[in-house]
Amino acid sequence: MQPEAKMTFLDRFSAMRETQFGAFVPVLLALAAIWGYFGLVLPLIDLMSGEADSFRAIFLSPRNIYNLFMQSAVIATLAVGITIVLLLGDIDLSAAATAGVCAALLGVLVLSGVPGWLACIIVIFVGIVMGAAQGLLIAYVGIPSFVVTLAGLLGYQGLMQKILPTGNLNVGDPFVRGIARVLIPDLWGIVLGLAVVGMFAYANLRKQSRRKTLGLEQDSPLALWSQVIAFAAIVVAVVFTLNAYRSLPLLLVLLVAITALLGWITTSTPYGRSLFAVGGNPESARRVGMKVKRLRVSAFAIVGFMAAIGGIFGASRYGSVSYTAFAGGSLLLEAIGAAVIGGTSLFGGRGSVWNAILGALVIGSLGNGLDLTGASAADKLMVSGAILLLAVAIDALSRPGNGSGR
Amino acid sequence: MQPEAKMTFLDRFSAMRETQFGAFVPVLLALAAIWGYFGLVLPLIDLMSGEADSFRAIFLSPRNIYNLFMQSAVIATLAVGITIVLLLGDIDLSAAATAGVCAALLGVLVLSGVPGWLACIIVIFVGIVMGAAQGLLIAYVGIPSFVVTLAGLLGYQGLMQKILPTGNLNVGDPFVRGIARVLIPDLWGIVLGLAVVGMFAYANLRKQSRRKTLGLEQDSPLALWSQVIAFAAIVVAVVFTLNAYRSLPLLLVLLVAITALLGWITTSTPYGRSLFAVGGNPESARRVGMKVKRLRVSAFAIVGFMAAIGGIFGASRYGSVSYTAFAGGSLLLEAIGAAVIGGTSLFGGRGSVWNAILGALVIGSLGNGLDLTGASAADKLMVSGAILLLAVAIDALSRPGNGSGR
Amino acid sequence: MTFENTMVGQAAPPAHLAVRGIQKRFGGVHALRGVDFEVARGEVMALVGDNGAGKSTLMKVLAGAHLADDGEFLLDGKPVEMSTPNDATELGIQIVYQDLALCENLDVSANLSLGAEPVKPGWSFLPHLLRPLDDLEMEVKAKKAIDKLEVRTLQSVRAKVGGLSGGQRQAIAIARAVGTESSVVMLDEPTAALGVAQTRQVLEVVKRLRETNHAVVYISHNMRDIFEVSDRITVLRHGSNVATYTTSDTNPDEIVVAMTRGLDTENGNAA
Amino acid sequence: MTFENTMVGQAAPPAHLAVRGIQKRFGGVHALRGVDFEVARGEVMALVGDNGAGKSTLMKVLAGAHLADDGEFLLDGKPVEMSTPNDATELGIQIVYQDLALCENLDVSANLSLGAEPVKPGWSFLPHLLRPLDDLEMEVKAKKAIDKLEVRTLQSVRAKVGGLSGGQRQAIAIARAVGTESSVVMLDEPTAALGVAQTRQVLEVVKRLRETNHAVVYISHNMRDIFEVSDRITVLRHGSNVATYTTSDTNPDEIVVAMTRGLDTENGNAA
Amino acid sequence: EDMVALLLPENVNPRWEQQDAAAFVRTMGEIAPDVKVEVFNANNDTATQQRQAEQALTQGAKVLVVIPIDGESSAIIADTAAEEGIPTIAYDRMINSPNTTFWVQADLEGMGFDQATHVIENTKDGDTLVMLKGSPTDPNAAVIHNGQLRALTPLFESGARVMGYENWTQGWDPAIARRSMDQALTQLDNNVQGVVSSNDGNAGAAIAAMEEQGMAGTVPVSGLDCTVQAQQLMLLGKQTQCGWRPLEDMAAAAAQVTVRLVSGEDFSDLAPQTVTNGVGADVAYVPVGSYSAIGAEGVAYVIENDASITKDMVCQGEAAATDFCK
Ligand SMILES: Nc1ncnc2c1ncn2[C@@H]1O[C@H](COP(=O)(O)OP(=O)(O)OP(=O)(O)O)[C@@H](O)[C@H]1O
Ligand SMILES: Nc1ncnc2c1ncn2[C@@H]1O[C@H](COP(=O)(O)OP(=O)(O)OP(=O)(O)O)[C@@H](O)[C@H]1O
Ligand SMILES: O[C@@H]1[C@@H](O)[C@H](O)OC[C@H]1O
Ligand SMILES: [Mg+2]
Ligand SMILES: [Mg+2]
């Protein structure tokens, strides 16, 4: 209706950021910066300073990428869960401890002879109950989530120690260990990847054609196709890289599948819509009749669910359950950090579970990359702080008119 | 103008909660509940179950109260600082690590012969710079404070390790050690206490009389006097209790003095007003011409300042600097938790530094009280989670129409 | 009581929604002091009063958004429970809040369907909350609703509400309330931010609601609009009823006097 | 240009604040497309246009709250910098925002002095930001301002703004802007939520501002108010100037047509 | 009724709660039944440990038996106790304070040497080794490392062994050790022939990492403590060595000294030796023996000599299928 004036490149760029796809830009930029640094810049410096005799891009080697994915998997699992409550404007400090309790329980159960699959189901159920219990207190008693989950953190840490008096426990059960060990045969991995890409493309094109039929505004074909192509490129790159080392590990497939499910729920169901509505304006959501309290409880139940999955993944990958790996360690802050780095707002109403996975990769890359250098522990910590800052600053600086720092 | 209908007791109670004084109600209730449990209920149970042969109210003994105050002092110092940025709607995850760096630097400086007082000044300056640096990135680059201070946490942990290669260091300097050791002579303590009470009463009464002169609505004399009497009772009780064991420790006097200064700044200066304004509605604050970015930087500088003070207090009390006591331990979550339990909102615009101190006492009381019972580490953790929950729930449940859990 | 006393002229139609003796306090503020109010099907009841008289509070109580401290709710003469917004929705009550109650982080079409999102058919094995949203349907619906209100500057129903102008937002809030199946529609100063043409459309919508036998409550400070659309006028003052007038029997001046100074007999009437 | 072309009747007074060629984009939305605007001292310039025409955006640009993508600012003919709200305050520009820009967590008196808090005398050794607030002075000031606007339902200036009615809030925003030393006052739909009496008071305030030689910009959708207070009327449509009229030379119908359909010659004028 | 307090550092290493505390409490019950023992655990937080010491003193503890988190920041515990005339025993880890009354420990330097020697003996010239060191704040970790270096430095210098990767493990956290090992394997492209691990927690983490590469069982891995988990891994051939100390004896020695201190008696007959700690103070000291357990034979020795560990405990899970258990 209005004559559209020509848009400059910058306008286009900032308009693109406003699309669904644009929400990935910041964290992808950060990830690219970190990978570039560890994968290209550092080896180059080593080469030129004579420290290395050849250009060794170990960081970007398929093997290290495989490691990196596996190392980030537990953080990512928790981060995906935490994202759900962050959308509501709540926080969960007990997620890592919940994961710990679940892992410990899993270890004890399989040790006492419960079959692995049954133990996993029990543990998932326990995780859901643990999360929902906190949600009940938050929603119905009205205590701030920070306080409830801080108490939960203490209580669940204690519970974990109770279950695990020795501080650690080997987990040998083949079913449990299998989750991290089983590999999808190369060919099947490729088929799976292509199927996912195909479905993505089909869904997008179908939607576009339905929009046309209904007379709705169309996405620009450029945006549409670049989205499909970018998606395909990422999927194919991941599958082939992992195949180049071993194959797609079952654990990653599960993580992606669960995230896809949660991603779909958060963006494409009335339930997900209400998460965003409550996060954006709880009072409005209440007034249009959303059951805000139940929603809150269910969101915490989902965190509990994801924490249980994280516990299972952790037990599977570490081959053991230890207090420090979950409750005592830095897992909690890393998981919340991953969600926030992914662009999810602590104030609620903005975020995405996919970004949480990317955020977890950012955090995971720091430790992974620095451990490949021979730096001292102190230097590693300092450098990781600096890299993290630089990586997230790139986006902030490239954004026209920077925000409030929230 | 309007005929005022009679108010029920409940109305009065909920109206009271809306006054300045009312903000203390929840955390005081929580504290009272915890002290009642450890000080009265537990010993009674012990007595009746025959575990103890006499009613031993160790928890409420002057000696233990003294310990409790000293044990909570570092948490309180950090919590007071963190409250300042929470008011803005920001968060600081690096406060404990900053305190660690300052403490480590202090240790190294006095070891190398720098006089204690000079080292303290240097360290305070360093703390301020460390805080302000993060503030600059948050305000001017526009990265969320959670991410910047997470990076700060990593970086400062590394820095601390760098300064303290073995992770720990004894601090023997008499000036530094003196802060936790020097006691205010009993009589002077009483004089100081009475002086503070007198000033408080004078200020309140004067304000009331000025209100009258200016024709402004008056606070009810009941509210006024109960406020003055409650204040006097608390001050006198604290001074006499501490005198009954040893005396007022200099460290506590310093902590209260600094908190009073910050309390005054936050509630009674244009600077403090703008903290609340920005926290309540950053865009409105910006539009009325508040220099939001500078404010943010200065708020983080204050956290840095308080972190440095916390570092000095810690070094003095622990007689040493260790990585785990600051950066590696639970200090960070405890300090933020103290602020939030004190009633400060993570969403900005609501809170008080005094409440942070009370919140720190809540947290400190859990560990202190449970360590007096003979429970196992696991049980202690579990019980502390449960007590914390119950204590904060009391207020939530007594509030008519409970909130959204934020 | 004031209420019946001032029912002059023709007999009042049978009330569809009625409340009696509503009390509401906020801490020390006594916002509603025993208010009676009613509205019949097929009529537009205007609710007027000075700023802070308690109009919006009464609306929110009627919509279940505030819990009344005291008072009685009747729907078609039968007592009903009204303690959550859900109760109101289920009784067929829709409302445009003065503060609009939109979610700024969501787009126009999402806001228009908020709380009543359409889902794709054929997923009935899933609970309703987990069925796939029909977002294209939502967009179509939003486009139609916005067009009806003549908001021509809104480029896309996929724009976030946070970036919209005051009038555009108000139009969305109105479209949401009138676009939903209901028997009572309440509008709290719906045209405050609207332009001339959009205001016209809203008044048309209100008239159409009356024709389709809805009970409509209309709050406004604009006497012209009120006299154009309303059948009866309830006047509130300081949280109490002043009187209820039949529009055709009164005039703006009388209403303004009632709003600002009350009736002469008021002293005896305040609850 | 449209602007001069339609300057009919008497010659325009010399502009106090003027802008030329203002451009403003929000992502894909082109909200202002080269707008010219001016206001002289001692005159009330009305700014009208349909919902979403760009009135509020122009206001925010004039107040430094939005940074214009392009355009020129002139104060008394001299180019000035206007990139932050501070710049505007320092140039003596005060504004009532359509969304009010209040802090709900603060009380009425704090909001009334927001950003210009009075401090107690005699602490000049401290930087201004750290001097003790004179909160009693703030309360006195607030009480006076509220009384002037006849908001009689507000019980206490120590009530938090979060609990106030729509009209009470708007009154506070107006009181804040007009209570501050200034040469330009801009009001964005200031009476939208106000009652009849309060609206009267605001119109009086506007007239008083004109008498005290302020330059006043007045945005409203209410033609009656506009024709009552304004000297000239600038019409915006789709982010472009339509024309500027002298109020005494035009009539509401002409303005409404200009707002909704533009001038007949418009096609050639859009920037 | 007298009371003494035992302050544990963490529960990452199972020995503290499971073995040391259990043995200490049991011995105390045998030799001084009226003395109550309160056990605290600081979860690796020095501020918490200080608080626990204060609380113990508030309750009237007559002796503090402390396993510090680190050697320096525990000084305040001994000093505070001394101000009230209460003696402090450093158990396993030294407290660098002039007020440390007594210390009990084995020859850890030698145990480190044994760990390295074991790995050296099971590798050949030119092989690449990984060193997973202990917690940088634990004074024992440095001592162990020094012993390892006594054996390894000459070989590193001559090129007989190559130092492929080394890392400290803050708080003895196996999760940190795990990532170190992952990265070592990646960086060295699995070219690792031996792992000198400072304790069993690190060894377990290293083995889990190597299992993923199909290397577990082909590479010698050292350890310390001979935890049940470690012994199972030894039976499975994945861990090949662990240093064992008679924790029962250590706890008993500490208990005997504690009882003497409670009653204010002299204990010099129990502790004929002294060592000089980090602040130059002479501390009465009882050395205990140690044993380098290797393979199934080592497991048999430990089970025989360690009363707290039975064959049933070890023969569980996968280990139950090994020859040793059948
Ligand atoms: N949440 C609340 N907390 C405290 N006071 C409130 C709250 N909501 C309303 N009030 C008070 O109740 C009174 C009635 O407010 P209400 O919003 O109903 O007025 P109104 O008639 O809608 O006025 P307006 O025309 O300005 O919209 C006012 O004095 C207001 O300050
Ligand atoms: N922050 C923003 N982000 C995106 N678009 C915006 C933003 N602010 C305004 N717009 C768009 O710019 C256009 C002009 O908005 P503006 O608020 O200036 O209209 P207005 O003339 O004040 O309308 P009203 O009468 O409804 O208040 C609208 O289409 C609006 O959607
Ligand atoms: O037994 C070991 C102990 O001596 C050391 O101090 O900490 C780690 C333990 O494994
Ligand atoms: Mg209202
Ligand atoms: Mg506008």
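Proteins come first, then strands; the chains are lettered A, B, ... in the order of their sequence lines, and each starts at number 1.
Heavy atoms only, all atoms of each residue included: Val61(C) and Ala68(C) are closest at CG1-CB, 3.8 Å. Ala177(D) and Val96(D) make their closest contact through CB-CG2, 3.5 Å (heavy atoms, listed as atom of the first residue, atom of the second, distance). Across every non-hydrogen atom of Ala31(D) and Phe26(D), the tightest pair is CB-CE1, 3.6 Å.
Your options are Val151(C), Leu194(C), Val48(C), and the one with the most heavy-atom pairs under 4.5 Å with chain D is Leu194(C). When each of Ala197(C), Ala193(C), Ala192(C) is scored by its heavy-atom pairs under 4.5 Å with chain D, the top score falls to Ala193(C).
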Got a list of the donor-acceptor pairs under 3.5 angstrom between chain D and chain C?
unit_1: Asp50(D); atom_1: OD1; unit_2: Gln198(C); atom_2: NE2; d: 3.0
unit_1: Asp50(D); atom_1: OD2; unit_2: Arg152(C); atom_2: NH2; d: 2.8
unit_1: Asn51(D); atom_1: O; unit_2: Thr153(C); atom_2: OG1; d: 2.7
unit_1: Asn51(D); atom_1: OD1; unit_2: Gly195(C); atom_2: N; d: 2.9
unit_1: Asn51(D); atom_1: ND2; unit_2: Ala193(C); atom_2: O; d: 2.9
unit_1: Gly52(D); atom_1: N; unit_2: Ser165(C); atom_2: OG; d: 3.4
unit_1: Arg152(D); atom_1: NH2; unit_2: Asp50(C); atom_2: OD2; d: 2.8
unit_1: Thr153(D); atom_1: OG1; unit_2: Asn51(C); atom_2: O; d: 2.6
unit_1: Ser165(D); atom_1: OG; unit_2: Gly52(C); atom_2: N; d: 3.4
unit_1: Ala193(D); atom_1: O; unit_2: Asn51(C); atom_2: ND2; d: 2.9
unit_1: Ala193(D); atom_1: O; unit_2: His221(C); atom_2: NE2; d: 3.4
unit_1: Gly195(D); atom_1: N; unit_2: Asn51(C); atom_2: OD1; d: 2.9
unit_1: Gln198(D); atom_1: NE2; unit_2: Asp50(C); atom_2: OD1; d: 3.0
unit_1: His221(D); atom_1: NE2; unit_2: Ala193(C); atom_2: O; d: 3.4

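Taking the side chain as every heavy atom from C-beta outward, Val242(C) and Leu236(C) never approach each other to under 4.5 Å. Here the side chains of Val44(D) and Val217(D) are not in contact, with every heavy-atom distance at 4.5 Å or above. Looking at heavy atoms from C-beta onward, Val216(D) lies out of side-chain contact with Met45(D) at the 4.5 angstrom threshold.
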Stepwise, does the side chain to side chain contact (heavy atoms under 4.5 Å, CB included) test hold for Ile146(D) with Leu112(D)?
CA-CA 10 Å; Ile146(D) 298 293; Leu112(D) 259 161; 4.2 Å; yes

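Neither the backbone nor the side chain of Ala171(C) comes within contact range of chain D; no heavy atom of the residue lies under 4.5 Å from a heavy atom of that chain.
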